[in-house]
Amino acid sequence: MKNRQIIENIYWRNLLVRALLVAGTISLIVWAMPREKEASFKVEPGKPWRYADFTAPFDFPIYKSEELVKKQRDSLLKTFEPYYNYNQEVGTKQLKQFRKDYANGIAGLPVNYTGLITEKLQQFYTQGIMNTSDYNSLHEDTSKTIRIVNGKTAVSTQVSQIYSTVGAYEQLFVDERLAEYKELLLKCNLNDYIMANLSYDKERSEASQDDLINSIPLASGVAQRGQKIIGRGDIVDDHTYNILESFFRENERRHKDDAKISYIILGEILYVGILIACFTIYLWLFRRDYYDKPRSLSMLYALILLFSVVASLMVTHNVLHVYIIPFAMVPIFIRVFMDSRTAFMAHTTMVLICAAMLQHPLEFIAVEEVAGVVAIFSLRELSSRSQLFWTAALITGITILTNLALFWIRDNDITSIDYSEFNFLLINGLLLFCSYPLLYIMEKAFNFTSNITLIELSDMNKELLRRMSEVAPGTFQHSIQVGNLAAEIARKIDAKSQLVRTGALYHDIGKITNPIYFTENQAGMNPHDGKTYIESAQLLISHVTEGLKLADKYNLPQVIRDFIATHHGLGKTKYFYIKQKNEFPEEPVDDLLFTYPGPNPSTKEQAILMMADAVEAASRSIKEYTEQNIRDLVNRIIDSQMDEGYFRECPITFRDIQYAKTVLIEKLKTIYHTRISYPELKK
């Protein structure tokens, strides 16, 4: 019950660690993603554009300059007609008062002059009279018109056709009949009967003026999403400057609303979360060995996070084109340390995340996906560091061709091609050459071992291997033979052949401490003759622990140490164990004294080495090398290993084991084939 509780605690702890790793990756990527809250460009008319090519990220209006808008507003306001309300009661009242005051006529004037004056006043009031100050401000422009509102109608009338209070009074004496009696009429104070019947309608006039001003279009066109505005190095002319200013203005307007920012962040979290979750589910379903190892998960998420953040920063600050970033490094590193499928999935996840930050996401996805696929294909068998240089060159060439193809698809005019992007792709290729030194850093940072390192460790001039060839030549030859057999099996069942070959070279390295106690290094004398079976067993078992000590001393990678520890698993030194049981049947036997420290193999490669090691060693004891004897030996040894449960903890299948048997039988038949006897020359 207690053990079960411990296992559950470990399970939930590991799950929490992975959940925090995923959540942290998503949070950091979303935090770094650009949201275009403010423009980070410095634009100067007449100066070259110092940033990357700029294309419209969304549709936005191209606003007119303030000077042009003011000019158009002033021009339009000249045609503005202010509204004046016509008050008929004013004229009626004043005429009525005049008739009342001069019902008996005007002293000194003929009787009909009262009617003449009334007729003139009636004419003024009919055409309209306004305050002299208002009239003077309008009369400066002789073509100025106003709109006179009378009831439900509004009629446009030129200012010259109406009167001011002073103008109407003066107009009375224009008539020759009245001018003759001007001095007499002046005593009548006729101006008291002349009052403004046109009053300024402020509310209606201002509303009309606002409508007129608002009718002026503030934009002179629209910049379409994806439209190139300016290229790097181009001179910022007045038209381009106006477009860029329009973009900044519209961008600022779009992001004033905090609610919009919240939705943007929510969308980014959802988008990045879906991609990272899909990648994590892929690892859980199809690459459980990577999912269960924190260092593998850390490297995968670290690579996705690093390149996504770098892309975000470049897009945010618009320093250089995003093509300069060597995204293909991600599939290169993952392919070297893991496998092709995981490299493709991680690269695709990263590219899709970065594409959401860019103005041309589809073109970016096409170019970078091609680069990733080429990187994976070119590194299917990494056997030398020079391959990394050829991979970088190949990726550069393919991405340039892909980008050129996309240019031709968009525009068939070869003269309009923007070659600056090709320069960025060339720089990208140069940065890919840095994969060589960075590979070593990745190995040390995440404790991985690349094929290149394994090949270097397989060099027979390495101190440890050279020492084994001198001190324990039999073990050295045995290790080489085991490496050949194991590598052939690995190739057959799709395992890591270089890894198992290198592991085979070092698996018995501990025997150089006491080489004489192992039969392959003996020449006649057997030092076990003077020792008990327990002592002999302990000496044999010690080559595992001594090998691990040497591995620590010479700083061998962990994967090589695992081969040293697991090539016998938890098996027994059967020869001495059976001898002890047979010769001392009544004495209790402590099985641990005859058991290797283990553990049992946990990977397919370790299982291959265990099979190849046991079969190769036992094959030396066959008295007659016939096909049947070899077949029986291989079947007996491997079936015994299966029965004892050595392969329960590793992902090797019955099909793989059967293939391993076949390879071992065929190889041993070739190694130990019967040679013909050469005749002797008769004298």
Side-chain angles (χ1 to χ4, degrees), residues 460 468-469 472-493 495 497 500-501 503-508 511 515-529 536 540 543 563 567-569 571-579 582 601 605-644 646-647 652 654-681:
M460 299 303 176
M468 182 168 66
S469 67
T475 300
F476 182 70
Q477 292 301 322
H478 162 72
S479 298
I480 293 175
Q481 198 72 278
V482 170
N484 292 334
L485 293 172
E488 192 65 28
I489 296 172
R491 280 190 287 270
K492 186 69 175 179
I493 66 173
S497 59
V500 75
R501 183 190 292 276
L505 289 176
Y506 287 90
H507 79 286
D508 273 345
K511 291 182 179 180
I516 196 64
Y517 288 101
F518 301 91
T519 55
E520 66 267 23
N521 299 313
Q522 294 172 359
M525 184 189 72
N526 188 347
H528 288 287
D529 292 341
S536 295
L540 262 61
H543 86 276
F563 281 111
H567 73 277
H568 285 296
K572 292 182 174 61
T573 54
K574 288 189 177 179
Y575 179 85
F576 296 112
Y577 178 73
I578 294 173
K579 282 281 190 179
N582 289 342
E605 289 76 19
Q606 293 169 10
I608 291 171
L609 179 61
M610 174 180 275
M611 289 186 281
D613 179 45
V615 169
E616 201 285 330
S619 67
R620 297 173 182 269
S621 63
I622 298 178
K623 294 180 180 179
E624 185 179 359
Y625 291 103
T626 65
E627 180 177 347
Q628 188 59 45
N629 287 345
I630 291 173
R631 188 179 300 278
D632 291 342
L633 173 72
V634 171
N635 286 327
R636 184 179 72 254
I637 290 176
I638 295 180
D639 289 344
S640 174
Q641 290 175 336
M642 291 175 62
D643 293 339
E644 293 179 20
Y646 295 154
F647 305 142
I652 195 167
F654 288 113
R655 179 175 177 271
D656 294 337
I657 293 172
Q658 192 59 45
Y659 275 131
K661 288 182 179 180
T662 303
V663 170
L664 288 170
I665 291 169
E666 294 302 319
K667 284 295 178 181
L668 290 177
K669 282 165 57 180
T670 303
I671 293 171
Y672 296 115
H673 69 279
T674 304
R675 292 180 173 84
I676 62 174
S677 300
Y678 284 85
E680 293 183 3
L681 181 63

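- Applying the side-chain contact (heavy atoms from CB on, under 4.5 Å) test between Glu488 and each of Val663, Leu664, Ile608 identifies Val663 as the sole match.
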Hey, mind stepping through Arg620 and Thr519 against side-chain contact (heavy atoms from CB on, under 4.5 Å) and telling me if it holds?
CA-CA 10 Å; Arg620 297 173 182 269; Thr519 55; over 6 Å; no

Set out, in order, the CA-CA distance, both residues' side-chain angles and the distance that settles side chain to side chain donor-acceptor pair (under 3.5 Å) for Gln628 and Asp632, then state yes or no.
CA-CA 6 Å; Gln628 188 59 45; Asp632 291 342; 2.8 Å; yes

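- A donor-acceptor pair under 3.5 Å links the side-chain atoms of Asn635 to the main chain of Arg631, judged by distance alone.
- Classification of Glu644 and Lys574 as a salt-bridged pair holds, one side-chain N sitting under 4.0 Å from a carboxylate O.
- In this structure, the side chains of Ser469 and Met460 stay at 4.5 Å or more apart for every pair of heavy atoms.
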Evaluate the criterion side-chain contact (heavy atoms from CB on, under 4.5 Å) for residue pair Ile489 and Lys667; output intermediate values, then yes/no.
CA-CA 10 Å; Ile489 296 172; Lys667 284 295 178 181; over 6 Å; no

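- Residues satisfying the side-chain contact (heavy atoms from CB on, under 4.5 Å) criterion with Arg636, sequence neighbours excluded, are Leu633.
- Listed by chain and residue number, His507, His543 satisfy the ring pair (Phe, Tyr, Trp, His ring centres under 6.0 Å) test with His567 (two or more places apart in sequence, or in another chain).
- Using a 4.5 Å heavy-atom cutoff, the side chains of Leu668 and Val615 are in contact.
- A heavy-atom distance below 4.5 Å is not found between the side chains of His568 and Leu540.
- Between atom OG1 of residue Thr662 and atom CD1 of residue Ile657 there is a gap of 12.0 Å, rounded to the nearest 0.5 Å.
- Shown here is Lys492, whose NZ atom has no more than 12 heavy atoms of other residues, nucleotides or ligands within 6.0 Å.
- With rounding to the nearest 0.5 angstrom, the CE atom of Met642 is 4.5 Å from the CZ atom of Phe654.
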Quick one, Gln606 with Val500, criterion side-chain contact (heavy atoms from CB on, under 4.5 Å). Give me CA distance, side-chain angles, the key distance, then yes/no.
CA-CA 7 Å; Gln606 293 169 10; Val500 75; over 6 Å; no

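- In plain terms, the two heavy atoms of Tyr646 and Gly571 that are nearest each other are OH-CA, 2.9 Å.
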Run Gln641 and Ile637 through side-chain contact (heavy atoms from CB on, under 4.5 Å) and show every step you take.
CA-CA 6 Å; Gln641 290 175 336; Ile637 290 176; 4.2 Å; yes

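- The shortest non-hydrogen separation linking Ala487 to Ser497 is O-CB, 3.8 Å.
- Under the 6.0 Å cut-off for aromatic ring centres, Phe518 and His478 do not qualify, their centroids lying 6.0 Å or more apart.
- The line from CD1 of Ile493 to CZ of Arg655 is 9.5 Å long, rounded to the nearest 0.5 Å.
- Other residues, nucleotides and ligands contribute more than 12 heavy atoms inside 6.0 Å of the NZ atom of Lys661.
- Taking Tyr575 as the reference, Lys579 meet the side-chain contact (heavy atoms from CB on, under 4.5 Å) condition, with sequence neighbours excluded.
- Residues Ile665 and Ile630 share a closest heavy-atom pair of O-CG2, 4.0 Å.
- Residues Ser479 and Ala504 come closest through the heavy atom pair CB-O, 3.5 Å.
- Distance alone, capped at 3.5 Å, places no donor-acceptor pair between the Asp508 side chain and the Thr475 backbone.
- In this structure a side-chain-to-backbone donor-acceptor pair under 3.5 Å is present from Tyr625 to Ser619.
- The structure places CZ of Phe563 at 11.0 Å from CG of Leu505, a figure rounded to the nearest 0.5 Å.
- Contact of the Pro527 side chain with the Gln522 side chain is registered, since non-hydrogen atoms from C-beta on lie closer than 4.5 Å.
- Across Glu616 and Val482, no two heavy atoms sit closer than the pair CB-CG2, 3.9 Å.
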